[in-house]
Enquirer: 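Okay, here's the structure, questions in a sec.
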Amino acid sequence: MLDVDKLSLNIPDTTKPRVVIIGGGFGGINVAQRLKCKDFQVVMLDRQNYHGFWPLLYQVATAGLEPDSIAEPLRKMFGSDKFEDFHFRLVKVNGVNPIAKMVHTVVGDLAYDYLIIATGTKTNYFGNDEVKKNSFPLKQVPHALNLRSHLFQCFEQASMTADPELQQSLLNFVIVGGGPTGVETAGALAEMRKHILPTDYPGVDFNRMNIYLVEGMDRVLPPMSPEASEKTLKYLQEMGVVVKLNALVEGYDGYVATIKGGEEIQTQTLVWAAGVQGALIDGLPAEAVERGRILVNRYNQVLGYDDIFAIGDIAFMKTDKWPKGHPGVAQPAIQQGKLLSKNLRRLIKGEKMEEFEYVDKGSLAIIGRNRAVADLPGNIHLGGFFAWMTWLFVHVMALVGFRNKLVVLSNWVYRFFTYENGTRLIIRPFVRKGDTVRQQFINKYNTE
Ligand SMILES: Cc1cc2nc3c(=O)[nH]c(=O)nc-3n(C[C@H](O)[C@H](O)[C@H](O)COP(=O)(O)OP(=O)(O)OC[C@H]3O[C@@H](n4cnc5c(N)ncnc54)[C@H](O)[C@@H]3O)c2cc1C
């Protein structure tokens, strides 16, 4: 049995300013990559040992890609052959003490000269504990593997029951949230229903499989242009997804999803992609936090501190152009990370730092084969094949690591010609604690 008391962060002492980065996501890696360490000691702390490329997470959940191809080990990215005086530790940060200039972890504390909080977001259930307990989130690699396993267990069970009501609930899939994750997951499921499932499960009538996409607002992809929303709705409907707009899921007990107004859908699967909130770290004063994100100035300095920075999804930078903060997508995190590395160098030389100005490079979403939407700078809106090609190109290029680019590209080429989703494996990384309703079901049908 591991004795946690015998572990410590074990970071070498240094005479250089120590920069501690919490989080190896898009923001964290972009600041660290550019802080080549003549001037600083850099310590990165993350609760997972890889950088995750979340835009392709839904493909892991829908058996399109292996999890390894959308993640890159942080130690590989920052190996000592490339980075001097860089130290990674696999640990969750529990809190910070801005007065003592310390971060707290389960294996000990660490002093910092500069602290960068780049912790991103976590799923927001808006206080609905029942939904939290019974639904499937899609934010981390284990979530995607869990959902993938569950989807295929549903199909297996659907092929083993003569009870029409049970079979229907196994073949009803409810996805809550019409943002990119919800839309892309619904589209991928619809493609699977058309091309894969009828041959894998010849005894099941997949005309009975329903995919519901439930969105609280009056259009899908609310952060994108109305043109993109309209095209996406049309594509989803052509693919047989039932889109419910202005609809709020109020409850889900593991069997029945209840929509405000009284409509009920019998389902074994509810995917919760309806919202995120900042992954806050304890210890910052309440006035530094607004709407669950950390208030920062134009240099990403946390309100009230010169030596603490927040970047990416967790940072709330209000500007005239972005009064509600920047969108929760990868580009602000990448751009803030890059600028912060330059600003830290300026700071230690006593030079003036540069203010952050977000360059909006546009937004993309994919719905299915030859069906995607793109809002590009200059008020250009693309749809169909060109947007689809743009989506494929941008995502392969943005992936971290040559191996990942190669594996993803070859997977997509293979799938384009064969219509095969290759990773239809039931491998559960964990069974959720307290999941009694689902566990009873699993026990009853003895399939796990
Ligand atoms: C399913 C999904 C699909 C998405 N699709 C798109 C898309 O198509 N296009 C797009 O631009 N954006 C997309 N996004 C959003 C994009 O991924 C985020 O905007 C981006 O990751 C933000 O970067 P970040 O560095 O702020 O946080 P992240 O990349 O989330 O990184 C945060 C890191 O902090 C670590 N961490 C958190 N808390 C702690 C702690 N207490 N201690 C230690 N480590 C901690 C986490 O493990 C993680 O590695 C998607 C996100 C998700 C979840």
Enquirer: After noting the C-alpha distance and the side-chain angles of Glu238 and Arg371, does the key distance pass the salt bridge (Lys or Arg N to Asp or Glu O under 4.0 Å) rule?
Expert: CA-CA 11 Å; Glu238 282 169 4; Arg371 291 180 171 107; 3.2 Å; yes

Enquirer: Only counting residues at least two apart or in another chain, list the ones meeting ring pair (Phe, Tyr, Trp, His ring centres under 6.0 Å) with Trp391.
Expert: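 Partners of Trp391 by the ring pair (Phe, Tyr, Trp, His ring centres under 6.0 Å) criterion, ordered by chain and then number, come out as His395, Trp412.
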
Enquirer: Compile the donor-acceptor pairs under 3.5 Å between side chains in residues 256-264 and protein atoms, sequence neighbours left out, one pair per line.
Expert:
from   : atom 1 : to     : atom 2 : distance (Å)
Glu263 : OE1    : Lys244 : NZ     : 3.3
Glu263 : OE2    : Lys244 : NZ     : 3.0

Enquirer: Can any side-chain N or O of Asn128 pair as donor or acceptor with the backbone N or O of Val131 at less than 3.5 Å?
Expert: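 It does hold such a pair.
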
Enquirer: If only atom types and distance count, is the side chain of Asn146 paired as donor or acceptor with the main-chain N or O of Pro142 below 3.5 Å?
Expert: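 No; zero donor-acceptor contacts below 3.5 Å.
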
Enquirer: Write out all pairs satisfying side-chain hydrogen bond (donor to acceptor under 3.5 Å, both in side chains) with one or both partners inside residues 207-223, taking only residues at least two apart or from two chains.
Expert: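 Every pair satisfying side-chain hydrogen bond (donor to acceptor under 3.5 Å, both in side chains) with a residue in residues 207-223: Gln167-Arg208, Gln168-Arg208, Asn172-Asn210, Asp205-Asn207, Arg219-Ser229.
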
Enquirer: Let me see the working for Glu84 and Lys38 under salt bridge (Lys or Arg N to Asp or Glu O under 4.0 Å), right down to the final yes or no.
Expert: CA-CA 8 Å; Glu84 244 178 77; Lys38 271 193 284 50; over 6 Å; no

Enquirer: Please table the atom pairs, donor to acceptor, closer than 3.5 Å between any side-chain atom in residues 72-80 and protein atoms at least two apart or in another chain.
Expert:
from  : atom 1 : to     : atom 2 : distance (Å)
Glu72 : OE1    : Asn404 : ND2    : 3.2
Glu72 : OE2    : Lys76  : NZ     : 3.0
Arg75 : NH2    : Phe88  : O      : 2.8

Enquirer: Do Thr123 and Lys132 have side-chain N/O donor and acceptor atoms under 3.5 Å apart?
Expert: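 Note: Thr123 and Lys132 side chains miss the donor-acceptor criterion.
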
Enquirer: Whether the side chain of Arg193 engages the backbone of Met239 through a donor-acceptor N/O pair (distance < 3.5 Å, no angle test) should be reported.
Expert: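 Pair found, side chain donor or acceptor close to backbone of Met239.
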
Enquirer: Is the distance between the ring centroids of His150 and Phe136 less than 6.0 Å?
Expert: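 For His150 and Phe136, the ring centres are under 6.0 Å apart.
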
Enquirer: When you measure from the side chain of Tyr252 to the backbone N and O of Thr267, does any donor-acceptor pair fall under 3.5 Å?
Expert: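 Pair found, side chain donor or acceptor close to backbone of Thr267.
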
Enquirer: Would you please classify the geometry between the Trp322 ring and the His326 ring as parallel, tilted or perpendicular, with 30° and 60° separating the classes?
Expert: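 The arrangement is tilted - the two ring planes meet at 30° to 60°.
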
Enquirer: Would you say Thr121's side chain and Val276's backbone share a donor-acceptor pair under 3.5 angstrom?
Expert: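 Side chain of Thr121 to backbone of Val276: no pair is present.
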
Enquirer: Please tabulate, one pair per line, all N/O donor-acceptor pairs under 3.5 Å involving side-chain atoms of residues 180-189, not counting sequence neighbours.
Expert:
from   : atom 1 : to     : atom 2 : distance (Å)
Glu184 : OE2    : Ile366 : N      : 3.2
Thr185 : OG1    : Thr181 : O      : 2.6

Enquirer: Between Asn411 and Arg415, do the side chains contain a donor N or O and an acceptor N or O under 3.5 Å apart?
Expert: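 Asn411 and Arg415 do not have a side-chain donor-acceptor pair below 3.5 Å.
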
Enquirer: For the pair His143 (side chain) and Gln140 (backbone), establish whether a donor and an acceptor sit closer than 3.5 Å, ignoring hydrogens and angles.
Expert: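 At least one qualifying donor-acceptor pair exists.
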
Enquirer: Among residues at least two apart in sequence or on other chains, which ones pass ring pair (Phe, Tyr, Trp, His ring centres under 6.0 Å) with Tyr201?
Expert: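 Tyr201 satisfies ring pair (Phe, Tyr, Trp, His ring centres under 6.0 Å) with Phe155 only.
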
Enquirer: Indicate yes or no: at least one non-hydrogen side-chain atom of Leu171 is less than 4.5 angstrom from one of Val204.
Expert: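 Yes; the side chains approach each other to less than 4.5 Å.
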
Enquirer: Check whether any side-chain heavy atom of Met224 sits under 4.5 Å from a side-chain heavy atom of Val373, and report yes or no.
Expert: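 A side-chain contact under 4.5 Å exists here.
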
Enquirer: Would Arg291 and Phe316 count as a cation-pi pair here, with the cationic atom under 6.0 angstrom from the ring centre and within 45° of the axis?
Expert: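 No - Arg291 does not lie over the ring of Phe316 by the 6.0 Å and 45° rule.
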
Enquirer: Please confirm whether the backbone N or O of Leu295 pairs with a side-chain atom of Glu290, one donor and one acceptor, at under 3.5 Å?
Expert: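 No; zero donor-acceptor contacts below 3.5 Å.
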
Enquirer: What I want to check is whether the side chains of Ser225 and Asp375 have a donor and an acceptor closer together than 3.5 Å.
Expert: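 Asp375 and Ser225 do have a side-chain donor-acceptor pair below 3.5 Å.
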
Enquirer: Sub-3.5 Å donor-acceptor pair from the side chain of Arg148 to the main-chain atoms of Ala63, do we have one?
Expert: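 Between the backbone of Ala63 and the side chain of Arg148 there is no qualifying donor-acceptor contact (under 3.5 Å).
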
Enquirer: Is the closest side-chain heavy-atom distance between Val20 and Leu45 below 4.5 Å?
Expert: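 Yes. Closest side-chain heavy atoms under 4.5 Å.
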
Enquirer: Under 3.5 Å, side chain of Lys405 to main-chain N/O of Met397, donor-acceptor pair present?
Expert: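 Indeed, once roles are kept as given, a pair shorter than 3.5 Å links the two residues.
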
